[in-house]
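In what follows, a structure is listed as structure tokens, so that the remarks can point back to it.
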Amino acid sequence: MEFKIWILTESGQSIKYFNQITQLKPMIEKEYEAQEVEEKWVKLWKDEMFYFDWNSKKPHYIIDTPPPYPTGSFHIGNTLNWCYIDFIARYKRMKGYEVMFPQGWDCHGLPTEVKVEEIHGISKNDVPREEFRRLCVEFTKKNIERMKRTMRRLGFSIDWSKEYITMYPEYYRKTQISFVRMFNKGLIYRGYHPVVFCPRCQTTIALAEIEYKKGKTKLNYIRFGDGEDSVIIATTRPELIPACVAIAVHPDDERYRHLIGKKVKVPTTDYEVEIIADEDVDPEFGTGIVMICTFGDKQDVKWWKKHNLQLRAVLGKDGRLNELAGKYKGLTTREAREKILEDLAREGRLIKQEEIDQNVGVCWRCKTPVEIIVEDQWFVKVDKENILEAARKIKWVPEHMFSRLESWIEGMEWDWVISRQRIFATPIPVWYCKKCGEIIVAKEEWLPVDPTKDMPKEPCPKCGGTEFEGETDVLDTWMDSSITPLAITGWPDDWKKDDYPTSLRPQGHDIIRTWAFYTILRSLALVGEIPWKEIVINGMVLGEDGRKMSKSLGNIVEPHEVIEKYGADALRQWAASGVVGDDVAFSWKEIIAASRFQQKFWSILRFTLLHVKEKPDESAMELLRDADRWILSKLMKLVREVDEHMENYRFAEALKAIRSFTWYEYADNYLEIVKNRLYSGSDDEKKPALFVLYTVMNVLTRLLAPFTPFLAEECWQRLHERIGEKVESVHLQSYPVADERFIDEEAEKRGELIKEIVSAVRRFKHDRGMALNAPLRRIMIYAPIEVDTRDIAGALNAEVELLKEMPTIELRVKAIKPKFNILGPMFKDKVKAIVKAINGLSDEEKLKFVESDSIEVKVGEEKIELKREWFDIEIEKVVGGEGVEVLETENAVIIVEP
RNA sequence: GGGCCCGUGGUCUAGGGGUUAUGACGCCGCCCUCACGAGGCGGAGGUCGAGGGUUCGAGUCCCUCCGGGCCCA
């Protein structure tokens with residue numbers, strides 16, 4: 001490989017953080033090949049670049065990264081979330097922090113179980129629990145690998161040595177410890193709770209597993225009680241009358257207010273229930289009187305909890321009514337419905353029936369309507385006040401996201417149910433004594449444990465029994481993921497207390513009520529502290545049509561499609577384009593614009609490398625011209641601005657500022673202005689321009705590094721390779737700091753004037769149909785400040801003369817524009833009249849006003865003195881000259897001899 | 001039904017009391033300028049969702065309505 005050797009001698013490339021020598025070509029290509037460059041750096045960058053070191057003396061910055069659910073594809077919504085994290089991580093790292101950007105995987109859960117059943121054509125109960133779990137683990141591993149590839153391709157600066165996987169014993173041991181500790185603190189208990197149940201599949205199912213099917217049903221009007229105090233209720237579930245525990249009306253319903261508090265007998269039974277008031281009752285539905293049963297639907301559960309009603313669990317797991325239903329015992333719901341309606345009709349209690357539309361919850365699998373039954377479940381106590389108070393101590397970005405959590409907490413009606421009747425999840429480390437029924441919770445040192453195959457290491461403490469029944473219920477997945485900030489800080493074995501709370505939680509607003517809420521709850525319960533100092537919330541990614549991405553709408557875009565067409569950096573720039581917290585619509589236009597910027601930046605690099613051949617030394621500083629000082633001053637202000645935006649997570653603003661400086665100030669103006677000097681100037685003339693070229697490229701690549709890590713690295717390396725300097729990755733450099741020596745307001749004014757003059761003359765050439773580099777005979781400039789004309793001459797291809805005095809040009813006041821922000825508060829409603837008076841002045845009066853600094857006008861009967869500085873004055877210059885064109889800009893008069 | 005957010009040229013968007021409303025894409029015209037034609041220069045295009053209110057002055061603040069989005073019932 002001769003080529004490689006040449007590179008070695010030419011540039012001495014030997015960068016400790018790269019896996020191999022970079023193959024830089026001596027000539028820079030015209031086109032930026034994002035694919036090629038990005039794939040090269042994915043291979044060259046070493047993971048160690050981003051390893052976090054607990055012993056580092058730098059301030060620590062720890063990110064509680066979301067562990068995604070390993071579905072197998074890292075989607076565009078994840079991309080947005082992770083881009084934000086990576087912008088922050090890279091920025092903080094360059095700002096001198098020791099950054100931890102760990103990565104976890106939230107493995108457990110129903111979708112994987114379903115997928116595994118599908119792939120293997122089995123039901124989870126067809127194989128031993130352990131075998132089923134093994135299949136899930138295997139499937140999940142593959143998915144994780146696929147997602148990791150996408151994440152690496154997107155250039156995320158993840159510390160892969162800090163990877164955690166919740167389905168592995170090392171992690172779920174922590175989950176189990178957290179369970180045990182909270183149980184021992186009395187924060188976890190076992191109790192009755194309604195659950196959704198499929199009578200055909202004989203299993204409880206999660207709310208997420210319910211499908212809703214539109215259908216028709218009959219609304220039955222049924223009379224409860226007799227005589228004066230009888231009421232007519234409307235129900236679609238007459239078979240649940242034996243489960244009726246109350247009757248409810250709306251508190252403001254005039255028709256029924258007198259009934260509140262009274263009791264009424266429930267038909268088909270021998271007991272009475274109370275008539276209560278509740279605002280959730282819809283007076284428009286049916287008769288406006290509703291019966292509450294345990295349980296017809298979720299609303300019943302809500303009422304049951306709220307009003308602390310008794311429980312009449314008439315429905316058994318077999319889907320039949322039990323002894324509480326009296327003579328209807330043993331009937332299925334359908335049979336019971338017919339029989340009860342028959343009986344009620346005979347008694348004259350069935351007043352009428354009408355057909356209505358109804359959404360029935362059905363089992364996603366067998367489409368059988370689901371029922372709500374009551375079962376023993378495990379709960380975590382929810383201390384609403386405590387959690388709210390803690391959540392207020394966290395900085396929410398954007399702030400209004402806190403109110404989502406707040407309203408959620410305030411509306412919470414019951415504790416967190418953490419038990420699931422599933423398999424692929426963290427086992428609940430509990431047994432029941434077969435002899436006395438005592439609950440035996442595992443000791444910490446026994447963990448991790450699977451109570452369905454492991455047994456307690458001690459006899460029952462209550463009765464000494466040695467036979468146990470292992471808990472088959474498992475934990476809600478949120479029990480795994482709500483301890484992530486603890487897990488990444490080494491809890492419980494080697495907990496870095498001093499690094500807690502962690503610095504940042506970045507996550508989507510869709511899981512504020514779950515992940516954010518549960519994490520705060522658990523952190524308080526386990527260590528008594530908030531989990532993070534700040535939480536940055538990202539929005540959802542919508543399709544190009546502004547609707548949520550979904551298969552049925554066909555508006556899904558996958559990251560790999562974008563990467564293949566435009567590369568990861570372009571996708572990352574798109575991710576930066578929105579406001580943090582807002583939903584962001586995907587946009588190919590934005591991607592294309594981003595990739596054009598990359599090409600523009602590449603062209604600038606190409607131009608830079610054409611001229612810059614060695615590292616400019618400081619002696620260039622003394623030779624700087626106005627144009628040079630101007631762009632350097634602007635550059636430093638850009639650095640300040642970008643830094644401020646980054647500190648406040650305003651990525652769009654930061655990137656926009658970089659892009660517009662690069663393109664519209666630097667490329668379109670500065671480079672055009674210095675071109676002539678670079679091509680045909682003397683060494684002393686070139687020197688300062690080269691200094692600028694080098695400095696700007698050096699600063700811009702670092703500013704861009706968090707956003708476009710690949711492009712930035714490539715340009716950074718090419719620039720240094722060109723000047724023969726060994727450098728480490730741009731991602732290990734410090735973020736630019738504004739060099740105050742270059743901030744120079746006067747130079748900026750002169751630079752702006754140069755820019756103004758150059759573009760005015762270019763516009764003039766354009767209007768005349770001349771080529772922009774066509775020669776002009778002579779240009780004379782009159783301007784309020786003195787300016788270096790040499791670059792103007794070069795840029796315009798003309799001789800330039802600076803006039804000391806305004807040539808025979810007459811002045812005329814073109815416009816007097818009132819500054820309303822000054823006049824408004826001073827003269828209130830008289831402003832309009834004043835403006836009218838000013839506009840009514842003659843040309844001479846106006847000129848006199850401008851020259852004398854004040855004028856007196858009459859408004860009605862009143863005389864008002866007006867100051868010049870209360871107005872913006874526009875002065876027009878009138879020239880009598882011949883054979884010249886006069887161009888007037890804001891700050892200069894340009895006389896062109898074509 | 002509840003909570004939160006958002007309606008600005010054709011499309012997307014900046015701006016959160018001050019005159020003439022930002023930029024991008026698209027559109028129209030001109031220029032093959034030695035880094036870039038996926039470029040440069042110039043231009044047309046908006047009664048800021050509707051109605052009311054506060055104010056000397058309202059995309060901007062308040063109220064109502066209409067439309068959209070997300071989350072939760």
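Because the structure is a prediction, the values reported are computed rather than measured. Residue numbering restarts at 1 for every chain, and letters A, B, ... go by the order of the sequence lines.
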Glycosidic conformation of B:G59, taking syn as within 90° of 0 and anti otherwise
syn
When rounded to the nearest Å, what value does the distance between C1' atoms of B:G1 and B:U19 take?
46 Å
Checking B:A24, B:G18, B:A73 against the side chain of A:Ala593 (C-beta onward), the nearest is B:A24
Classify A:Ala667 by what it touches in the nucleic acid, base, sugar-phosphate, or nothing, heavy-atom distance under 4.0 Å.
base
What are the two closest heavy atoms between A:Gln573 and A:Ala594, and how far apart are they?
NE2-O, 3.3 Å
A:Arg606, nearest nucleotide to its side chain (from B:G15, B:C36, B:G18)
B:C36
Reckon A:Ser587 touches a base, only the sugar-phosphate, or nothing at all at heavy-atom distances under 4.0 Å?
nothing
A:Tyr694 pairs by side chain to side chain contact (heavy atoms under 4.5 Å, CB included) with which of A:Val692, A:Val696, A:Asn698?
A:Asn698
Report yes if at least one side-chain N or O of A:Arg513 is closer than 4.0 Å to OP1 or OP2 of B:C71; otherwise report no.
no
Nearest whole Å is fine: how far is B:G39 C1' from A:Trp602 CH2?
18 Å
Checking contacts here: which listed nucleotide (B:G40, B:C56, B:C72) is nearest the side-chain heavy atoms of A:Lys600?
B:G40
Give the rounded distance in Å between these two atoms: CG of A:Leu655 and P of B:U13.
17 Å
Among the nucleotides B:G39, B:C71, B:U19, which one has an atom lying closest to any side-chain atom of A:Asp510?
B:C71
Partner of A:Thr608 by side chain to side chain contact (heavy atoms under 4.5 Å, CB included), out of A:Ile28, A:Leu690, A:Leu671, A:Leu693:
A:Leu693
Once you apply a heavy-atom cut-off of 4.0 Å, does A:Tyr664 come out as touching a base, just sugar-phosphate, or nothing?
sugar-phosphate
What is the distance, to the nearest angstrom, from the CZ atom on A:Phe651 to the P atom on B:A14?
16 Å
Hey, does the side chain of A:Trp408 reach the backbone of A:Arg513 with a donor-acceptor pair shorter than 3.5 angstrom?
yes
Side-chain N or O of A:Trp663 versus OP1/OP2 of B:G40: is the shortest distance under 4.0 Å?
yes
Which word best sums up how the rings of A:His720 and A:Trp716 line up, parallel for under 30°, tilted for 30 to 60°, or perpendicular for over 60°?
tilted
A:His509 NE2 to B:C72 C1', in whole Å, measures 13 Å
Of the nucleotides B:G26, B:C5, B:C36, which has the atom closest to the A:Lys675 side chain?
B:C36
When you compare B:C70 with B:U13, how far apart are their P atoms, in angstrom units rounded to a whole number?
15 Å
Against the side chain of A:Arg596, the closest entry in B:A38, B:U19, B:G15 is B:A38
In whole Å, measure the gap between the C1' atoms of B:C12 and B:G46 for me.
14 Å
On RNA chain B, check which nucleotide each of A:Ile604 and A:Ala585 is closest to and give me the residue with the more 5' one.
A:Ala585
Donor-acceptor pair (no angle test) under 3.5 Å: A:Arg404 side chain, B:C4 base:
yes
In the structure shown, which nucleotide is the Watson-Crick or G-U wobble counterpart of B:C4, with both distances under 3.5 Å?
B:G69
Just label B:G16 as syn or anti from its O4'-C1'-N9-C4 or O4'-C1'-N1-C2 angle, using within 90° of 0 for syn.
syn
Using the side-chain heavy atoms of A:Asp668, tell me which of these nucleotides is nearest: B:G40, B:C36, B:A14.
B:G40
Protein-nucleotide distance (A:Leu542, atom CG; B:C5, atom C1'), rounded to Å
11 Å
Assign each of A:Glu672 and A:Met549 the nucleotide of RNA chain B bearing its closest heavy atom; nearer the 5' end lies the nucleotide of A:Glu672
Say you pick atom C1' in B:C48 and the same atom in B:C61; how far apart are they, in whole Å?
16 Å
Rounding to a whole Å, what distance do you find between A:Leu610:CG and B:U33:P?
17 Å
Under 3.5 Å, is there a donor-acceptor pair linking the side chains of A:His193 and A:Asp415?
no
Going by the side chain to side chain contact (heavy atoms under 4.5 Å, CB included) test, name the single residue among A:Asn669, A:Ile631, A:Asp628 that passes it with A:Val674.
A:Asp628
Value in whole Å for how far the P atom of B:G23 lies from CZ of A:Arg659
15 Å
For the side chain to side chain contact (heavy atoms under 4.5 Å, CB included) test, which of A:Leu635, A:Val642, A:Leu704, A:Leu638 pairs with A:Val699?
A:Leu635
Using a heavy-atom cut-off of under 4.0 Å over every strand shown, decide if A:Glu406 touches base, sugar-phosphate, or nothing.
nothing
Report the nucleotide, chosen from B:G18, B:A14, B:C4, that has the shortest atom-to-atom distance to any side-chain atom of A:Ser403.
B:C4
Separation of atom CG in A:Leu711 from atom P in B:A38, rounded to whole Å
19 Å
Please state the P separation for the pair B:U8 and B:A50 - nearest whole angstrom.
10 Å
Say we look at B:C32 and B:A21: how far apart would their P atoms be, to the nearest angstrom?
34 Å
What about A:Lys589, does its side chain sit under 3.5 Å from the base of B:C12 through a donor-acceptor pair?
no
Pairwise P distance for B:G3 and B:U64, with rounding to whole Å:
12 Å
Short side-chain N/O contact to B:A38 OP1/OP2 from A:Lys30, under 4.0 Å:
no
Euclidean distance for C1', B:U55 against B:G69 (whole angstrom):
33 Å
